[in-house]
Amino acid sequence: MKISCNVLKKYIKNSEKIDFYKIWDTFTIRTAEVEGVEVKGEDVKNVVVGEIVECNPHPKKEKYHILKVDNGEKIVDILCGAPNVKKGLKTPIVKVGGMVCGITIEPKEIAGVMSYGMLCSGKELGISDDQSGILELPDNYIVGKNINEYIPIKDIVVEIDNKSLTNRPDLWGHYGIAREIAAITGHELLDLPVLEPPKEGKKLDI
């Protein structure tokens with residue numbers, strides 16, 4: 001079972017005082033075996049919200065589009081092969097000198113066009129397995145803002161041995177693990193949010 005520490009933090013008061021990288025040794029001794037601890041997002045740097053302000057097909061390469069993208073500081077040229085590019089779309093952009101997938105992005109000539117940055121899919125940011133196109137962001141995201149302010153890319157993901165939890169169904173989920181971490185560290189466990197039942201005659205919108 002894999003557990004996101006970002007989710008655990010939502011259920012524990014003053015969770016910023018807990019070292020979520022080191023606590024798992026104690027968890028293994030007291031509760032269940034931890035098989036691995038993986039830090040996510042350390043290889044994603046200088047990625048901001050960008051907006052495509054111009055989108056033109058490449059004159060010779062059908063797969064590509066030549067874009068002008070506002071990165072919050074200036075408008076840059078980017079060559080992109082994603083199928084869902086369009087004018088007005090907000091999407092993550094790695095600035096020149098930034099990093100994604102452990103690769104530093106530099107100006108590069110592709111198919112005869114200089115490209116100054118890179119637009120990202122969810123896969124490249126490490127937040128999903130979707131790499132069918134660039135990630136489409138909500139319209140209310142502010143151009144130039146670091147993507148970490150909107151999407152929790154940085155996380156610690158813990159894999160807990162399922163066999164260790166066979167007789168602990170109360171730990172089969174994030175809230176149960178959060179309760180255990182709160183008990184180990186002496187922190188207060190916050191109430192689990194629940195849906196209010198719908199008023200008579202109204203449907204519950206889930």
Side-chain angles (χ1 to χ4, degrees), residues 1-10 20-21 36-159 174 193 205-206:
M1 180 175 69
K2 291 188 176 181
I3 293 293
S4 163
C5 289
N6 282 345
V7 176
L8 297 182
K9 292 173 183 178
K10 297 178 182 180
F20 277 96
Y21 188 78
V37 179
E38 183 180 3
V39 179
K40 297 279 191 178
E42 291 296 314
D43 59 348
V44 176
K45 299 177 181 177
N46 208 12
V47 180
V48 302
V49 177
E51 181 175 2
I52 300 172
V53 296
E54 191 175 311
C55 178
N56 297 302
H58 193 286
K60 296 182 179 180
K61 299 288 186 179
E62 184 177 344
K63 175 183 175 182
Y64 292 110
H65 284 82
I66 302 171
L67 312 175
K68 290 190 178 296
V69 182
D70 185 355
N71 67 13
E73 293 182 342
K74 58 184 177 181
I75 294 176
V76 296
D77 294 325
I78 290 186
L79 189 71
C80 185
N84 59 328
V85 294
K86 60 183 178 181
K87 182 179 178 180
L89 178 66
K90 290 185 177 179
T91 187
I93 175 175
V94 191
K95 292 183 178 180
V96 169
M99 179 183 290
V100 69
C101 300
I103 301 171
T104 300
I105 303 302
E106 301 292 349
K108 186 175 182 180
E109 183 176 340
I110 306 172
V113 177
M114 285 300 298
S115 188
Y116 299 90
M118 174 182 168
L119 305 184
C120 300
S121 67
K123 174 75 171 181
E124 288 157 340
L125 292 177
I127 60 173
S128 78
D129 292 326
D130 186 5
Q131 53 183 345
S132 60
I134 56 175
L135 186 64
E136 300 187 18
L137 300 176
D139 289 337
N140 62 345
Y141 281 20
I142 299 173
V143 172
K145 285 283 189 181
N146 192 293
I147 197 65
N148 286 292
E149 296 189 31
Y150 293 109
I151 302 174
I153 293 173
K154 293 185 177 181
D155 195 2
I156 297 174
V157 176
V158 182
E159 185 168 3
H174 280 85
D205 184 17
I206 300 178

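Since we're looking at a predicted model, the values are computed, not measured.
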Evaluate whether atom CG of N140 has more than 12 neighbouring non-hydrogen atoms of other residues, nucleotides or ligands under 6.0 angstrom away.
yes
Kindly check if the number of other-residue, nucleotide or ligand heavy atoms within 6.0 Å of CD (E109) is above 12?
yes
Shortest non-hydrogen separation from [X] to [Y] and the atoms involved:
X    : Y    : value
Y21  : V39  : CE1-CG2, 3.8 Å
C80  : I134 : SG-CG2, 4.1 Å
V143 : K90  : CG2-CE, 4.0 Å
T104 : G97  : CG2-O, 3.9 Å
G133 : A82  : CA-CB, 4.2 Å
N71  : V76  : ND2-CG1, 4.0 Å

Do the side chains of [Y] and [X] get nearer than 4.5 Å, heavy atoms only?
X    : Y    : value
E73  : K95  : yes
M99  : V94  : no
Y150 : L137 : no
S115 : L67  : no
D77  : V113 : no

[atom1]-[atom2] distance between [X] and [Y], expressed to the nearest 0.5 angstrom:
X    : Y    : atom1 : atom2 : result
C5   : H174 : SG    : NE2   : 8.0 Å
K2   : E38  : NZ    : CD    : 6.5 Å
E51  : I75  : CD    : CD1   : 9.0 Å
I110 : H58  : CD1   : NE2   : 9.5 Å
D43  : K154 : CG    : NZ    : 10.0 Å
E42  : I153 : CD    : CD1   : 11.5 Å

Run the numbers on I142 and V49 for side-chain contact (heavy atoms from CB on, under 4.5 Å), then give the verdict.
CA-CA 7 Å; I142 299 173; V49 177; over 6 Å; no
D130 vs K123, test: side-chain contact (heavy atoms from CB on, under 4.5 Å). Steps then yes/no.
CA-CA 5 Å; D130 186 5; K123 174 75 171 181; 5.9 Å; no
For the pair T91 and C120, evaluate side-chain contact (heavy atoms from CB on, under 4.5 Å) and give the outcome as yes or no after the intermediate values.
CA-CA 7 Å; T91 187; C120 300; 6.0 Å; no
Under the criterion side-chain contact (heavy atoms from CB on, under 4.5 Å), which of I78, D70, L89 is the partner of I52?
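Exactly one option meets the side-chain contact (heavy atoms from CB on, under 4.5 Å) with I52, and it is L89.
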Check I93, I105, I147, N148 against V47 for a side-chain contact (heavy atoms from CB on, under 4.5 Å) and give me the one that passes.
I147
Audit row: E124, C101, side-chain contact (heavy atoms from CB on, under 4.5 Å) steps and yes/no:
CA-CA 6 Å; E124 288 157 340; C101 300; 4.1 Å; yes
N-O pairing of E106 and K108 below 4.0 Å:
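No, this pair does not count.
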